[in-house]
A.B. asks: 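Below you will find the structure I want to go over with you.
The figures that follow rest on heavy atoms only: side chains count, while hydrogens, waters and symmetry mates do not.
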Amino acid sequence: MKLISYMVTCGGDAGFRFSNQPEWCSVGTMLLFDAEKWDVEKIYNVMKDLSRQYRNGGHGWTLSEEIDLGKSAVKPFINNNDGVYVDLDYRDEDGICWLGTLGVDQEKQIHSKEHDVTRWSRNGDTRNFDYYK
């Protein structure tokens, strides 16, 4: 399957970020989108929606609380949309940290190493600084 990867991260100070890049002092996970069902613009727009849902959920005071708030937005999105997965092979640059599967259903957890994966890129930029607008 051809997939498009998109990174989300969470830090105790800044909470969830949907920027498709590693963030300082944060844990991350990689979302995977079936390229036959999802395109760059559709992913771009859904990240804005997920960011709004997350921000509307309140504010946590610990990393754990921020992760739980993010899961409340991201987990139902993944579970309820065809062609959206969490990458079981992803680990942060240090090889240890990983935000995890976000508690998604088992069938939504796949190994990227078994597929053809392309990193999300819009207008030549792999980073999405507009996700919160």
Side-chain angles (χ1 to χ4, degrees):
M1 178 175 12
K2 185 164 174 76
L3 300 166
I4 302 168
S5 68
Y6 195 100
M7 179 185 289
V8 296
T9 62
C10 186
D13 60 341
F16 256 74
R17 288 174 238 150
F18 300 87
S19 62
N20 194 38
Q21 68 177 5
E23 299 283 356
W24 181 78
C25 205
S26 295
V27 293
T29 197
M30 195 68 71
L31 305 183
L32 300 169
F33 295 84
D34 183 334
E36 289 186 15
K37 299 172 182 171
W38 292 84
D39 63 27
V40 169
E41 287 302 315
K42 196 172 175 182
I43 296 168
Y44 172 79
N45 288 324
V46 84
M47 290 304 146
K48 286 184 170 197
D49 291 340
L50 289 173
S51 178
R52 275 187 223 109
Q53 288 176 38
Y54 165 70
R55 288 191 320 263
N56 289 337
H59 178 68
W61 298 105
T62 66
L63 177 60
S64 176
E65 290 172 343
E66 289 294 342
I67 289 172
D68 288 344
L69 288 168
K71 281 183 183 179
S72 69
V74 179
K75 179 182 170 181
F77 163 72
I78 296 168
N79 282 337
N80 297 324
N81 283 281
D82 192 31
V84 184
Y85 310 94
V86 173
D87 184 2
L88 290 171
D89 297 323
Y90 176 78
R91 295 298 181 275
D92 289 349
E93 290 178 0
D94 61 10
I96 300 168
C97 292
W98 182 43
L99 187 53
T101 65
L102 305 171
V104 300
D105 296 342
Q106 186 74 33
E107 65 270 8
K108 294 296 197 156
Q109 303 172 31
I110 63 173
H111 291 278
S112 61
K113 294 175 184 174
E114 300 171 0
H115 303 279
D116 178 17
V117 180
T118 302
R119 185 171 180 191
W120 180 90
S121 177
R122 182 174 182 262
N123 299 327
D125 198 351
T126 58
R127 298 164 301 168
N128 178 8
F129 294 121
D130 294 336
Y131 72 88
Y132 59 86
K133 296 178 181 178

A.B. asks: As a quick check of understanding, evaluate side chain to side chain contact (heavy atoms under 4.5 Å, CB included) for Thr29 and Thr101, giving each step before the final call.
C.D. replies: CA-CA 7 Å; Thr29 197; Thr101 65; over 6 Å; no
A.B. asks: Flag the pair Tyr85 / Met1 as yes when at least one side-chain heavy-atom distance between them is below 4.5 Å, and no otherwise.
C.D. replies: yes
A.B. asks: Rounded to the nearest 0.5 Å, how far does CD of Glu66 lie from CG of Leu63?
C.D. replies: 8.0 Å
A.B. asks: Return the minimal non-hydrogen interatomic distance between Arg127 and Asp125, and the atom names on each side.
C.D. replies: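 Of all heavy-atom pairs spanning Arg127 and Asp125, the closest is N-OD1, 3.0 Å.
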A.B. asks: Just distance, no hydrogens or angles: give the donor-acceptor pairs under 3.5 Å from side chains in residues 2-16, sequence neighbours left out.
C.D. replies:
unit_1, atom_1, unit_2, atom_2, d
Lys2, NZ, Thr118, OG1, 3.1
Tyr6, OH, Phe18, O, 2.5
Tyr6, OH, Asn128, ND2, 2.9

A.B. asks: Taking Asp89 for the side chain and Ser112 for the main chain, is one N or O donor matched with an acceptor at less than 3.5 Å?
C.D. replies: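 Yes; at least one donor-acceptor contact below 3.5 Å.
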A.B. asks: More than 12 heavy atoms of other residues, nucleotides or ligands under 6.0 Å from CD of Glu36: yes or no?
C.D. replies: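 Counting other residues, nucleotides and ligands, CD of Glu36 stays at 12 neighbours or fewer.
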A.B. asks: Both conditions, 6.0 Å and 45 degrees, for the charged tip of Lys48 above the ring of Tyr131: are they met here?
C.D. replies: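 Not satisfied by the 6.0 Å and 45° rule.
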A.B. asks: Just so I know, are the side chains of Trp98 and Met30 near enough to count as touching, which here means a heavy-atom distance under 4.5 Å?
C.D. replies: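 No, side chains not in contact.
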A.B. asks: Applying side chain to side chain contact (heavy atoms under 4.5 Å, CB included) to Leu31 and Val86, what does each step give before you reach the verdict?
C.D. replies: CA-CA 5 Å; Leu31 305 183; Val86 173; 4.1 Å; yes
A.B. asks: Taking the side chain from Gln109 and the backbone from Val104, do they hold a donor-acceptor pair closer than 3.5 Å?
C.D. replies: yes
A.B. asks: Quick one: does Lys108's side chain have a donor or acceptor within less than 3.5 Å of a partner on Ile78's backbone?
C.D. replies: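 Side chain of Lys108 to backbone of Ile78: a pair is present.
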A.B. asks: Measuring from atom NZ of Lys113 to atom CD1 of Ile110, what distance do you get when rounded to the nearest 0.5 angstrom?
C.D. replies: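 Between atom NZ of Lys113 and atom CD1 of Ile110 there are 13.5 Å.
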A.B. asks: Output yes when a side-chain donor or acceptor of Trp120 lies under 3.5 Å from a complementary backbone atom of Val40, and no otherwise.
C.D. replies: yes
A.B. asks: Give a yes or no answer on whether the side chain of Ser26 reaches the backbone of Trp24 with a donor-acceptor pair at less than 3.5 Å.
C.D. replies: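 Such a contact is found between Ser26 side chain and Trp24 backbone.
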A.B. asks: Closer than 4.0 angstrom, basic N to acidic O: yes or no for Asp130 and Lys133?
C.D. replies: yes
A.B. asks: If we ignore hydrogens and angles and just use 3.5 Å, is the side chain of Lys37 paired with the main-chain N or O of Asn81 as donor and acceptor?
C.D. replies: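 No, the answer is negative, given that no donor and acceptor are paired below the 3.5 Å cut-off.
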A.B. asks: Would the distance check show the side chain of Arg119 and the main-chain N or O of Asn20 forming a donor-acceptor pair, the cut-off being under 3.5 Å?
C.D. replies: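 Yes.
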A.B. asks: Check ring-ring contact (aromatic ring centres under 6.0 Å, His included) between Phe77 and all other residues, then give those that pass, not counting sequence neighbours.
C.D. replies: Trp38
